[in-house]
Number of protein chains: 2
Amino acid sequence: MKSSSGDHPPLNNTDNSSLDHSDYSLLMLDNQLCFSLYVCSKEIIKKYKPLLDPYGLTYTGYIILMALWEKDNVTVKELGTRLYLDSGTLTPMLKKLEVQGYIKRIRSSTDERNVFIHLTEKGREFREEALQFPKELMCTLDLTPEYAGGLLQALHQMMQKLEVEESQGKD
Amino acid sequence: MKSSSGDHPPLNNTDNSSLDHSDYSLLMLDNQLCFSLYVCSKEIIKKYKPLLDPYGLTYTGYIILMALWEKDNVTVKELGTRLYLDSGTLTPMLKKLEVQGYIKRIRSSTDERNVFIHLTEKGREFREEALQFPKELMCTLDLTPEYAGGLLQALHQMMQKLEVEESQGKD
DNA sequence: TATAATTAAATTGCTTACAATCCAATTAAA
DNA sequence: TTTAATTGGATTGTAAGCAATTTAATTATA
């Protein structure tokens with residue numbers, strides 16, 4: 001209970017002690033949305049490591065499997081859209097997952113540009129193991145479902161904004 | 001205005017169509033806090049690229065400078081703590097920033113294990129240029145200050161939880 | 001049909017990030 | 001003091017991740 005005015009400067013710190021009138025407060029790390037997103041995502045992904053290591057998976061491999069659990073037999077392109085990853089990341093990743101036996105890559109015969117990815121039995125079975133992960137992490141982070149839900153909603157809104165930008169800002 | 005029940009599945013999707021009683025809903029990407037954090041941070045960092053490129057800086061270089069604007073003349077260790085980065089990332093990064101003329105690295109004479117980092121004139125001057133970045137990005141993301149503030153607060157709370165964990169969970 | 005444009009995936013090169021290790025300097029313990 | 005433990009940075013190896021390019025397949029256009 002030492003947080004209120006603790007180590008972290010207040011969000012509206014103005015820091016106008018210098019001579020000019022510039023307001024540098026928006027440049028402070030603690031006021032930067034991107035920095036906290038960046039730190040939180042990195043640190044949480046680190047928490048996944050001990051859970052995933054036993055299965056030879058990384059976080060990226062894990063989200064690929066998650067995407068496939070929701071919708072199996074999709075193209076690399078489709079996976080990339082869903083996961084915000086491009087082929088430069090996915091192709092080697094998928095090859096590795098195939099070697100590990102989690103998925104199969106099958107080039108379409110009707111349109112040979114497409115490679116369809118689908119789960120193997122092992123890939124489907126891993127889902128059962130993964131069922132426990134969210135609980136363990138929620139516990140680690142000590143989040144209530146309501147709180148997490150609110151945060152999620154905010155982040156999804158942001159993702160939508162980011163997507164909208166993408167399709168527009170083709171300057 | 002097509003969002004309300006749009007592309008994103010509802011957060012409490014239960015997906016219990018399968019035969020067993022398992023609740024896979026927590027394993028869905030859209031219900032995963034970490035995944036949205038990961039995507040948001042990556043995508044926003046991409047938005048920084050065109051702003052930073054002209055200065056030869058990456059996002060990581062940028063946050064290093066931000067940290068130094070707040071507190072100059074700190075050790076690599078201290079920077080690492082502030083930025084959640086280790087020496088394996090910082091050392092090469094700092095060497096590059098020094099070559100570019102933004103900072104100087106000076107090994108302490110009283111304790112030669114410490115290397116102090118401080119801004120050069122160029123590093124300080126860049127702060128003035130950076131003053132415009134937050135506005136441009138807030139605009140890009142179309143966020144109100146209140147909304148961003150709330151989100152920030154939530155993320156800082158999470159960072160604190162993550163830190164607490166760190167110092168405890170030495171199993 | 002021949003040619004151009006588009007598309008999906010793969011490849012290449014480069015940067016960030018971290019774990020693990022190493023090394024030198026300092027501090028603690030014997 | 002000598003030896004052991006700790007500390008701060010640097011180094012090494014490996015894995016993402018992305019931009020840019022390439023290749024092959026498909027589709028659109030002339």
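We name chains A, B, ... by the order of the sequence lines, and we start the count at 1 in each one. Remember, predicted model here, so these are calculated numbers, not experimental data.
Backbone-only engagement by L85(B) is indicated by non-hydrogen atom pairs under 4.0 Å involving sugar-phosphate atoms exclusively. Within 4.0 Å (heavy atoms only), F116(B) reaches no atom of the nucleic acid at all. At a threshold of 4.0 angstrom between heavy atoms, the contacts of D86(B) include nucleobase atoms, whether or not backbone atoms are also involved.
Checking dA19(D), dG17(D), dA10(D) against every side-chain atom of K42(B), the shortest atom distance belongs to dG17(D).
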Applying salt bridge (Lys or Arg N to Asp or Glu O under 4.0 Å), run through K47(B) and E136(B) and close with a yes or a no.
-> CA-CA 10 Å; K47(B) 303 279 183 202; E136(B) 297 190 25; over 6 Å; no

Taking it one step at a time, do Q157(A) and Y147(B) satisfy side chain to side chain donor-acceptor pair (under 3.5 Å)?
-> CA-CA 11 Å; Q157(A) 267 180 42; Y147(B) 187 82; 3.2 Å; yes

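Contacts of K135(B) classified as side-chain hydrogen bond (donor to acceptor under 3.5 Å, both in side chains), with partners at least two apart in sequence or in another chain: none. With sequence neighbours excluded, no residue satisfies ring-ring contact (aromatic ring centres under 6.0 Å, His included) with F116(A). Under the rule for a side-chain hydrogen bond (donor to acceptor under 3.5 Å, both in side chains), S109(A) has no partner lying at least two apart in sequence or in another chain. Scanning for ring-ring contact (aromatic ring centres under 6.0 Å, His included) contacts around Y55(B) gives F126(B), with sequence neighbours left out. Residues forming a side-chain hydrogen bond (donor to acceptor under 3.5 Å, both in side chains) with S108(B) (at least two apart in sequence, or on another chain): T110(B).
If you measure from atom CG of L94(B) to atom C1' of dT11(D), you get 15 Å, rounded to the nearest angstrom. Rounded to whole Å, atom C1' of dA10(D) lies 12 Å from atom CD1 of I117(B). Spacing between atom CG of L90(A) and atom C1' of dA19(D) amounts to 15 Å, rounded to whole angstrom units. Protein atom CG of D111(A) is 5 Å distant from nucleotide atom P of dT26(D), rounded to whole Å. For the pair R113(B) CZ and dT6(D) C1', the computed distance is 8 Å after rounding to whole Å. For the pair Y48(B) OH and dA19(D) P, the computed distance is 17 Å after rounding to whole Å. Rounded to an integer number of Å, the gap from CD of E78(B) to P of dT7(D) is 16 Å.
The phosphate of dG9(D) has OP1 or OP2 within less than 4.0 Å of a side-chain N or O from T75(B). At the phosphate of dG9(D), neither OP1 nor OP2 sits under 4.0 Å from any side-chain N or O atom of K77(B). N114(B) has a side-chain polar atom (N or O) that falls below the 4.0 Å cut-off from OP1 or OP2 of dG9(D).
Scanning residues 51-61 of chain A for heavy-atom distances under 4.0 Å to DNA chain D yields T58(A), T60(A). Residues from residues 95-109 of chain A lying near DNA chain C, meaning a heavy-atom separation below 4.0 Å, are K95(A), R105(A), R107(A) in numerical order.
Sequence order on DNA chain C of the closest nucleotides to K49(A) and V115(A) puts V115(A) first from the 5' end. Nearest-nucleotide mapping onto DNA chain D: of M93(A) and T110(A), the residue sitting toward the 5' end is M93(A).
Atom OG of S87(B) and atom CE of M93(B) lie 14.0 Å apart (nearest 0.5 Å).
Pairs passing the salt bridge (Lys or Arg N to Asp or Glu O under 4.0 Å) check and including a residue from residues 88-106 of chain A, sequence neighbours excluded, read E98(A)-R105(A). Applying the salt bridge (Lys or Arg N to Asp or Glu O under 4.0 Å) rule to pairs touching residues 143-154 of chain B yields nothing, sequence neighbours excluded.
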Considering only distance and modelled atom types, tabulate donor-acceptor pairs under 3.5 Å from the side chains of residues 59-67 of chain B, sequence neighbours left out.
from, atom 1, to, atom 2, distance (Å)
Y59(B), OH, F35(A), N, 3.2

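Under the 3.5 Å distance criterion, the side-chain polar atoms of S36(A) are matched with a main-chain donor or acceptor of L33(A).
Residues K71(A) and V74(A) have side chains in contact (heavy-atom distance under 4.5 Å, counting atoms from C-beta outward).
Axis angle between the ends of the helix from dT1(C)-dA30(D) to dA30(C)-dT1(D), five pairs each and rounded to 10 degrees, works out to 0°.
Taking the 5' to 3' direction, DNA chain C first and last meets chain A under 4.0 angstrom from a heavy atom at dT7(C) to dA19(C).
The side chain to side chain contact (heavy atoms under 4.5 Å, CB included) with I117(A) is formed by just one residue from the set D72(A), N73(A), L68(A); it is L68(A).
Side-chain polar atoms of Y102(A) and E125(A) form no donor-acceptor pair below 3.5 angstrom.
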